[in-house]
Amino acid sequence: MGRLLAGVVIIMGSSLLMVHAACRRGDEATNGSSDRPGTDVARQFVEQANARLLELGNRVNRAQWIAANFITEDTQQVSADATAAFIGATMELAQQATRFDDVALPDDVRRQLTLLKLATIPLPAPSDPKAQAELTRITTGMEAAYGKGMWCPPGESGDDCLDINELTTLLAENRDPARLRDAWIGWHEVGRGMRDDYQRFVELANAGARELGYDDLGALWRSNYDVAADQFTAEVERLWAQVQPLYTSLHAYVRGRLGETYGTDVVPPDGAIPAHLLGNMWAQQWGNIYPLVAPPGSAPSYDLTTLLLARNVDAMGMVKYGEGFFTSLGFAPLPQTFWERSLFTKPRDRDVVCHASAWDVDNDQDVRIKMCIQITGEDFVTIHHELGHNFYQRAYRRLPVLYRDSANDGFHEAIGDAVALSVTPSYLAEIGLLDRAPDSSDDVGYLLRMALDKVAFLPFGLLVDQWRWKVFSGEVTPATYNQAWWNLRAKYQGVSAPSARSEDDFDPGAKYHVPGNTPYTRYFLAHILQFQFHRAMCKQAGYTGPLHRCSIYGNKAVGQRFRKMLEMGRSRPWPDALETLTGERQLDASAILEYFAPLKRWLDEQARATS
Ligand code: X8Z
Ligand code: ZN
């Protein structure tokens, strides 16, 4: 937490007492005039809140940066304390903001007060300082435990323990089902030790959400989208219904092809796909198994990993390519401090949280990424993802602190991904990574590869919070934490665990965002939104061909409109931001469906041919 949002809070001191007194005066004078005391007092309260949030938020950001870069008992303690101070103050401010609930206020002040109540997301806490300290110690500890996670294969020397980076490579490249299964089981041990902590975290954070007037933590998270929480849930379901047929076609095709590779006793033709065979620890993106499922007879196409290795591109070189895309759109280059302060490669001598993240440490110019970069096509795309966060952060840095965030959290996750959709073969040829762009005869292969990442992700993007929402509401109790997880994995993704699981396991804990307490529906939304952004920007570029071959690289006019949306931050409800770039006001899966339409036709032909 605190990485993307201005950590933000105000402290309890004499200034707040002043605000209390002033608020009461304001409440008495709601006479409709624009300069009545109510407005002035509210405005002053909001300004002080912004200042306080900035100061405490920056302190949290620094403490968390250090804790994630040097995992020790002490850094965790310092980080937990800073986070507790931030949360305590935010809770107080959020409660004070309710004093203005019945005061007529200008839209801008009203919006900031509303956002103040949401500023505790993702981690509200009860007002008791002891509970706050306990909660932040738990969350900091779970993230650290994840960061230190290792699998030490039995019988091999201790030096051969594998961290999540090495396991990522193993899952991506290894084709021995027994080894894959062992690695999968080995990594999932990391969750076991978190089960009790997670249960206590749920109790405490729920209590915090209730103090703010929400039914539970999930209800608070879902209220973060400018519409009623129920309406948001319905929106998510509507979008899933739009894309589900595409996912089902992809799943059936991949299952059939994996059955040919591993045998139908391992991959049953009508059942779920074992989760360890999809090229990724969480079976969330399947691009790594492209060689196993490539269209029969398709020409061997380029492989970005091979191209990067052949050109000796190093970690910083990869980031430079990413920056180059953004500057081609007219964005200012990243500041020197970005290059000095970011973490690009895994240090050899200490534990760090390797899960990629983007930071805005001072809520101004001090943006950074923290990533254990590997020279792969996958990380090339992830770098664009992370830089999307940084360029967004820089674009909104002049707004009031409460507005220094994305239009909604899906927007933050969609910016870099939308840019990376323009990393087409022609773009790679233009920047000299590829000798010459392949002709259109390989389009089905290209689209299949993209779908393995983008379409395969959709149900996973949905289910992580489906599970958490049920856990937070109490519909799923600790007695069935793991069973409920696998029920959802089967229902949405159609994948199965490679070994028998029990309630001694806590498999959600083996996915970073659960111990890291990062809401996940944002990624589902981002996978819809990024195609809407891409379609709109391609149209603005005057492009009329198939969406998957469009690249906006170098288009400054498009970049200017893109930047206009980013500069709005969270100052307006998200449909306004969406409209600024796309002219649309609704989340709409028709763009991702349009992008993959030729593939859907091809997949359905394959299904007909084999049935
Ligand atoms: O966590 C991330 C980013 C950082 S915000 C690397 N992503 C999700 C994941 O890895 O699970 C990007 C795609 C989904
Ligand atoms: Zn992200």
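Each ligand, and each atom within it, is numbered from 1 in the order the structure gives. Residue numbers start at 1 and run along the sequence shown. Just so it is clear, the model here is predicted, and its values are computed rather than measured.
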Query raised in the report: Can you tell me if Glu413 has an N, O or S atom under 2.8 Å away from the Zn ion (ligand 2)?
Result: yes
Query - Where at least one partner belongs to residues 375-397, residue pairs that pass salt bridge (charged side-chain N to carboxylate O under 4.0 Å, His left out), sequence neighbours excluded - result: Asp364-Arg397
Requested in this report: From atom 10 (O) of ligand 1, work out which of His527, His355, Arg522 has a heavy atom at the shortest distance.
Outcome: His355
Query - Lys320 NZ/CZ over Trp339 ring centroid, <6.0 Å and within 45° of normal - result: yes
Query - salt_bridge(Asp197, Arg195) N-O dist < 4.0 Å - result: no
Query raised in the report: Are Arg238 and Asp588 ion-paired here, with the side-chain N under 4.0 Å from a carboxylate O?
Result: no
**Report entry** Cation over ring face, Arg222 and Trp469, 6.0 Å, 45°
**Finding:** yes
Query - Side-chain H-bond candidate by donor/acceptor type, Tyr392 with Asp405, under 3.5 Å - result: no
Report summary line: So the atoms of ligand 1 within less than 4.0 Å of a heavy atom of Glu413 turn out to be 5 (S)
Query raised in the report: Side chains of Gln530 and Asp417: is there a donor and an acceptor less than 3.5 Å apart?
Result: yes
Query raised in the report: Among Phe460, Trp282, Tyr523, which one has a heavy atom closest to atom 13 (C) of ligand 1?
Result: Tyr523
Report summary line: the Zn ion (ligand 2) -> His389, closest N, O or S atom is NE2
Query raised in the report: What atoms in ligand 1 come closer than 4.0 Å to a heavy atom of Glu386?
Result: 3 (C), 4 (C), 6 (C)
Query raised in the report: Of all the heavy atoms in His513, does at least one lie under 4.0 Å from an atom in ligand 1?
Result: yes
Query - ligand 1-proximal atoms of Phe457, by part, heavy-atom distance under 4.0 Å - result: side chain
Requested in this report: Using only heavy-atom distances, determine whether the side chains of Lys600 and Ser249 contain a donor-acceptor pair under 3.5 Å.
Outcome: yes
Query - Contact atoms of ligand 1, heavy-atom distance to Gln284 under 4.0 Å - result: 9 (C), 10 (O), 11 (O)
Query raised in the report: Of the backbone and side-chain N, O or S atoms of His385, does one lie nearer to the Zn ion (ligand 2) than 2.8 Å?
Result: yes
**Report entry** Cation-pi, Tyr396 ring and Arg570 (6.0 angstrom, 45 degrees)
**Finding:** no
Report summary line: One finds that the ligand 1 atoms under 4.0 Å from a non-hydrogen atom of Tyr520 are 8 (C), 9 (C), 11 (O), 14 (C)
Report task. Just jot down the ligand 1 atoms closer than 4.0 angstrom to any heavy atom of Lys511, in number order. Result -> 9 (C), 10 (O), 11 (O)
Query raised in the report: Taking distance alone, with no angle check, do His389 and ligand 1 share an N/O pair under 3.5 Å?
Result: no
**Report entry** Per-atom contacts, ligand 1 versus Ala356 - under 4.0 Å to a heavy atom
**Finding:** 4 (C), 6 (C)
